[in-house]
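Note that these values count all heavy atoms, side chains included, but never hydrogens, waters or copies made by symmetry.
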Amino acid sequence: MPYFLLHTNSLMALSLALVVGNMWLFVLNAPSRSLSRRWLLIFYFFQFIWQTSEIFHYAVHPTYIGSLPYKILLSCWTFPALALVEISFIQFNYLFLDDTFSKERRVVRVISFGLGAVLCLFTVWNEFFNNSNIDQLNTAGFLYGSLTNVWALTVCARKAFRLRHQDAETARGLRWMVAVNGVFVFMCLVVLAVGFYSTVGYWMYSTLLWSGNLAEIFVYLNFSAIPTSLKIKQIGFAQIIVATILLTVMLVFCPPIDILNLPARLLQQDSLLKLSLLIIGTAAVNFLLLPRLIHATLTQPVLRLLDGVQRINAGDLNVQVVQTTQDEVGILTQQFNQMTCSLHDARAELTRYAQTLEEQVVDRTAELLADKARIEEQAAQLQTVMRELHHRVKNNLAIVSGLLSLQLNRLEDKQAIKAFQEGQRRIDAIALIHQRLYQSEELTSINMGKFVEELTASTMQAYGYSSKSLDLHITSNVDVLDIDTAVPISLIINEFLTNCFKYAIPHVPKPSLTISLMKEAGGLMLQLADNGPGIDLDLWHQPTSSFGKRLIKGLSEQLGGTLTVENARPELVRVSATATRMETIQPSNLVADHSRGTLFRLHIPELTALV
C-alpha cells in the first residue's frame, strides 16, 4: 500500500511553494533593510515551509492518517508554520506602505504569538491525546485563519481611510490589500455557509485560498512593498500568471475532494501525475529559462539605455546605444540615439556661440572694469564727503548745544532753563547719531543696540545718575537702522528717558529701568518700563501744551507707529541680542511693593527703513 497519494491541494501547495520560495529569494536579495522587509521574509519563509508540509499533509494515504509520522508532521511542521505565517502576515499588513498604527502593532504582535502558541498546543493535544480528530483540527485552524484574515482586513481598511487625503497612492495600494484580504474573508464566509467538507465548500476553499495568495504577491510587486528591480517584477508577474493557469487547469480537471474519499482519489491519480509533471516542467522553465529570456529581451536593453543616460549626464554626448530589438524598447533606443545626435550638434553650435560670446564678454569686462574703477573712485569721494558732512553736522549741533549752554547761564526763569536743557538734550541725541555715523563704516545706517546704550548713559549722566544708581536692563536685536528711522526713534527714546528720570526714578527707593528695541514679524517694537509711581493716563490722553508729549506723538505718527502707555507694572518680554532666547522681565520683582511702574510701548508696523 503506498504511503502517499497525489491530491489536488498537494499540487496547489507545490505550485504556490515554488512561487513563494522564489519570492523569498527576491526579498532576501532586495537592497532595502526595513522592518517590513524582515516581516515579509518571515512570512514567505514560513509560508514556503507551510506549503511544503501541505504537500505531504494532503497527499497522505487515508490509512496512515493518525500514524506517528502524520502526528509529527502536523504538530511540529504544519501548524507551527501556519501560526508563524499568520503572525507575520498581520505584522506585514500593519507595515504595508505605512506604519500607521505602530503602538497597536506591537500589542497585536504579543497577542498573535500567544494565540499561535495556543494553536500549536491544541494540535499536539489533538494528535496525541484526541486520536487525530480531523474535524476538530480543521475547525481550530479555520477559526485561527479566519480571525487573522478579518483582523488584517480591518487594519488595511482603517489605514486606507486614515491616509485617503494625506497620501492617495498609498491609500490606493491599501485598498487593493483590503480587496485581497476580502477574498480570504469571503472564503471563510462561504465555508461557514455551505460546510467545509461539502463539494462546493471544499472547492471554494481551495480556489479562494490559492488565488488569494497569488493576488497577494501581485499587490506586493505592483505597489513595491519592498523596492526591487524591473527584472524581478517581470519574473514574479510571469510566475503568478503561470501558477494561475495551472490552478485553473487543476480545478477544472481535478477538483479537490475529501482526503478520506479513497476511491475518488484513486481515480484522479493519472491526471494528477500528469499535472505534477507539468508543474515541475513549468517551474524548471520559469527558474531556468524565463530569467534569461527577460534579461535578453527586456532587462539588458533597458540597462544599456540606463548606461547611455548616465553617460549623457556625465557629459558624453557621443553615446550611441546598440539596438537589438524592434519592440517598444527598440524604438525607445532609436529615439534615444537620435536625441544624443541632436544634443551633440546643439552642443557644437553652443560651443561656437560661446566662443563668440567669450570674446564679447572679454571686451565688455574690460569696459566694466574701467567703469567699476571710476565708480569706486566716486564712491570713495562720496564716502569722504558723507563722513565730512556727518562730522560737520555733529560739530554744528555741538555749537548749537554750546550756545544753548551759554544762554542758560543768563537765564533765571526755571521754566525757561528747563526748556533750554531739554532742547539741548534733544540736540545732543541727534548729534550722537551723526557722531556714530561718521565714526563707522556705514555712513547711512546706525547700530541701534550700542546707540541706545550710549544715549541712555548720556541722559542718565545728565540727570546725575550712574549705572550703580538703578537696575538697568537694555536689550536689542536690531542690528542697524537707516538715519531716517534712527533719528525719530532716538528722539522718542530721549523723551521717554527724560520722563523717567524726572518723574519716576527719583520717587522710588530701588529704581529700575528696562529698555527693549526688538525686531518682530513685520515690524519693530520699542518698550521702556520703569517702576515709578505711574502717570495719570487720563491726563496723558488729553491735549496738552507739553512739548515732549507732542513730540513723542508727532514722531510716532511720522513713523506710522502705534503708541500705548500702561501702568501697574506690566510684563515686558525681552529677547536676547541674538534672538535665540526669550525671558519675561517683571518690573514688580525689582521694586518696592508701593511702586506701580509705567510701560511705554511703540509698535512700528512696517520696517521699510530697516537694513
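Between Val180 and Trp176, the closest side-chain pair of non-hydrogen atoms is not below 4.5 Å. A 4.5 Å side-chain heavy-atom check between Phe253 and Lys274 finds every atom pair outside the cut-off. Annotation: side chain of Ile489 is in contact with side chain of Leu559 (closest heavy-atom distance under 4.5 Å). Between Arg38 and Leu41, every side-chain heavy-atom pair lies at or beyond the 4.5 Å cut-off. Between Ile49 and Leu84 there is no side-chain heavy-atom pair separated by less than 4.5 Å. Within the 4.5 Å cutoff, the side chain of Val107 has no heavy atoms near those of the Phe101 side chain. Looking at heavy atoms from C-beta onward, Glu520 lies in side-chain contact with His603 at the 4.5 angstrom threshold. Annotation: side chain of Arg105 is in contact with side chain of Leu35 (closest heavy-atom distance under 4.5 Å).
For the side chain to side chain donor-acceptor pair (under 3.5 Å) test, residues two or more places apart in sequence or in another chain that qualify with Arg311 are Asp316.
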* **Intermediate values then yes/no, side chain to side chain contact (heavy atoms under 4.5 Å, CB included), Val178 and Leu153** => CA-CA 5 Å; Val178 169; Leu153 174 66; 3.4 Å; yes

* To do: Apply side chain to side chain contact (heavy atoms under 4.5 Å, CB included) to Val20 and Trp50, showing your working.
  => CA-CA 11 Å; Val20 299; Trp50 177 45; over 6 Å; no

* Check the pair Arg162 / Asp98 against side chain to side chain contact (heavy atoms under 4.5 Å, CB included), numbers first and verdict last. => CA-CA 11 Å; Arg162 174 170 289 191; Asp98 187 86; over 6 Å; no

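Put simply, the side chain of Asn22 never gets that close to the backbone of Leu18: no donor and acceptor are under 3.5 Å apart. Side chain of Thr475 to backbone of Ser516: no donor-acceptor contact under 3.5 angstrom is found. Remark: the backbone N or O of Val321 is paired with a side-chain donor or acceptor of Asn337 at under 3.5 angstrom. At least one donor-acceptor pair closer than 3.5 Å links the side chain of Asn29 to the backbone N or O of Leu25. The closest donor-acceptor contact from the side chain of Asn477 to the backbone of Lys519 lies under 3.5 Å. In terms of modelled atom types and a separation under 3.5 Å, the side chain of Arg601 and the main chain of Met525 share no donor-acceptor contact. The main-chain N or O of Ala160 is never found under 3.5 Å from a side-chain atom of Arg172 such that the two would form a donor-acceptor pair. A donor-acceptor pair under 3.5 Å is absent between the side-chain atoms of Lys159 and the main chain of Leu97, judged by distance alone. Remark: the backbone N or O of Leu11 is not paired with any side-chain donor or acceptor of Ser15 at under 3.5 angstrom. A donor-acceptor distance shorter than 3.5 angstrom exists from the side chain of Asn149 to the backbone of Gly145, with no hydrogens or angles considered.
Nearest heavy atom pair, residue Phe96 against residue Gly173, reads CE2-O, 3.6 Å. Closest approach of Pro256 to Asn9, counting heavy atoms only: CB-OD1, 3.6 Å. Scanning both residues, Ser556 and Leu602, for their nearest heavy atoms gives OG-CD1, 3.6 Å. For Phe89 against Asn181, the heavy-atom pair with the smallest separation is CZ-OD1, 3.0 Å. Val27 approaches Arg37 most closely through the heavy-atom pair O-NE, 3.3 Å. The two residues Val85 and Phe43 make their nearest non-hydrogen contact at O-CD1, 3.5 Å.
Interatomic distance, Lys372 NZ to Leu369 CG, rounded to the nearest 0.5 Å: 7.0 Å. For the atom pair CG of Leu526 and CD1 of Ile604, the computed distance is 7.0 Å after rounding to the nearest 0.5 Å. Met518 CE to Ser476 OG: the interatomic distance, rounded to the nearest 0.5 Å, is 6.5 Å. The line from CG of Leu163 to OG1 of Thr100 is 4.5 Å long, rounded to the nearest 0.5 Å. Taken from CD in Gln47 to CD in Glu86, the straight-line distance is 9.0 Å, to the nearest 0.5 Å. Distance check: Ser88 OG to Leu95 CG gives 11.0 Å after rounding to the nearest 0.5 Å.
Between Trp151 and Tyr94, the ring planes lie tilted relative to each other; the angle falls in the 30° to 60° range. Between Phe45 and Trp24, the ring planes lie tilted relative to each other; the angle falls in the 30° to 60° range.
Side-chain contact, Thr340 with Gln320: a donor N or O sits under 3.5 Å from an acceptor N or O.
Within a 6.0 Å radius of CD in Glu358, no more than 12 heavy atoms belonging to other residues, nucleotides or ligands are found.
Judged by the 6.0 Å and 45° rule, Arg158 forms no cation-pi pair with Phe161.
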